[in-house]
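Okay, so here's the structure we're looking at.
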Amino acid sequence: MTTRISRLGFPVKVMARDDLKSNDTRRHASAPHLKVSLGYVDQILDHLDRHDIRMYRMSSDLAPYATHPDLPAFHGMVKESADELRAIGDKAKRLDIRLSFHPSQFVVLNSPDPALVQKSIADLVSQAEMLDLMELGPEAVMVIHVGGTYGDVPTSRARWAETWKILPEPVRRRLVLEHDDLRFSAADVLWIHAETGVRLIFDYQHFWCLNPERADLRQTLEAVLASWPSGQQPKIHFSSPRTELREQIRLDKTTRKKTVRHVAPVFTGHADFVNPFEFATFMRVAEGLDFDVMLEAKAKDLALLRLRPDLLRYAPDVAARFGLEPSEEAALEAQEDEVLDEVDEGAGA
């Protein structure tokens, strides 16, 4: 079995360049527009190409206020930007950069509130329209979570499956479903896939945070990847958990004295960077399976630029999976050095 070269990507914010914005963030009184956001995306694509990064998640706020119920003046901006969207799509295809969206947490398809479901569908229609106007293939997807449990997981996931039936075709064609870290496990989204056929996203950190079924990692990954049709490259999410000790200053209301408390990490939180040993171990477990990897580290592209030379240094077999060659190590380290300083703290704790 031949494994394709896998992409590494990151979401939204470019941290290596302060001058690159991800979307038009102006308030509605300043008349923000999708065309402005697309100008930013155009510059980001150049940045990605310069660093040989071939996957990127665009901001879910790319088209500001495009579906806001109280601001109808913005509702036509996607169609008004058809030429610009097509140009971005052409450029992404020419540079072989895979694009996607991850609509916000306010998109909830399993809500008992019909008004919220309809608002969520409207947001998805708008983002699907953008991807269609970019003329991107089926691997350009919109990733969402199941939503709330509302005190009853089986009923809530069944309600998601019922909503699937009323989704417009462009939304069903672009939508993929991800398990989460608190509410719906990988087993839950696999149940929804069996009911609907929706493609799924495997999230490494979420799998460890929420796995009440004690499902096997490799078997679950295989099942999730099998939800994608033959010929389409699935993608997964990978992040390492935060492990830092934090200090919190608290004020005693009685004595008015300040005390410092040590606060343990919450392992559902994403680390700034990717632990290369953890990543290499997972990729070896997944040997022979085809997928791209969206890194959800908080340091965004900085984490990706750091991970690549780390893989060549510590796990060259895994580096090869991403098309990285030992001869590139010096160049990749130079790219990392351009945007990151490293302090040698010496041995010991």
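One-based numbering along the sequence shown. The model shown is predicted, which means the values in this text are computed figures rather than measured ones.
Rounding to the nearest 0.5 angstrom, the gap separating the CZ atom in Arg250 from the CZ atom in Arg261 is 5.5 Å. To the nearest 0.5 Å, the span separating CE on Met15 from CG on Leu20 amounts to 13.0 Å.
With respect to Arg94 and Asp90, no salt bridge is recorded, no charged nitrogen being found less than 4.0 Å from a carboxylate O. A salt bridge is absent between Arg54 and Asp292: the closest approach of a Lys/Arg side-chain nitrogen to an acidic carboxylate oxygen does not fall below 4.0 angstrom. With respect to the salt-bridge test (charged N to carboxylate O, under 4.0 angstrom), the residues Lys79 and Glu129 qualify. Between Glu169 and Arg174 no salt bridge is recorded (no basic side-chain N to carboxylate O distance below 4.0 Å). By the 4.0 Å N-to-carboxylate-O rule, Asp216 lies too far from Arg218 to be salt-bridged with it.
Between His28 and Tyr65, the ring planes lie perpendicular to each other; the angle is over 60°, past the 30° to 60° tilted range. The aromatic rings of Phe238 and Phe282 sit tilted, their planes meeting at an angle between 30° and 60°. The aromatic rings of Tyr204 and Trp208 sit perpendicular to each other, their planes meeting at more than 60°, with 30° as the lower class boundary.
Using a 4.5 Å heavy-atom threshold, the side chains of Pro103 and Gln127 count as touching. For the pair Gln232 and Arg199, the minimum side-chain heavy-atom distance is below 4.5 Å. With contacts defined as side-chain heavy-atom distances shorter than 4.5 Å, the pair Leu62/Leu38 qualifies.
Of the candidates Gln205, His237, Arg242, Lys298, His270 forms a side-chain hydrogen bond (donor to acceptor under 3.5 Å, both in side chains) with just one, namely Gln205. Among the candidates Asp188, Val224, Leu177, Leu200, the single residue satisfying the side-chain contact (heavy atoms from CB on, under 4.5 Å) test with His193 is Leu200.
Other residues, nucleotides and ligands place more than 12 heavy atoms under 6.0 Å from the CG atom of Leu251.
With hydrogens and angles ignored, the 3.5 Å screen pairs no side-chain donor or acceptor of Ser22 with any backbone N or O of Val12.
A cation-pi arrangement, defined by a distance under 6.0 Å to the six-membered ring centre and an angle within 45 degrees of its axis, is present between Arg321 and Phe291.
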(request) Apply the test salt bridge (Lys or Arg N to Asp or Glu O under 4.0 Å) to residues Arg183 and Asp180: give CA-CA distance (whole Å), side-chain angles for both, the deciding distance (0.1 Å), then the verdict. (result) CA-CA 6 Å; Arg183 299 176 181 86; Asp180 62 71; 5.1 Å; no
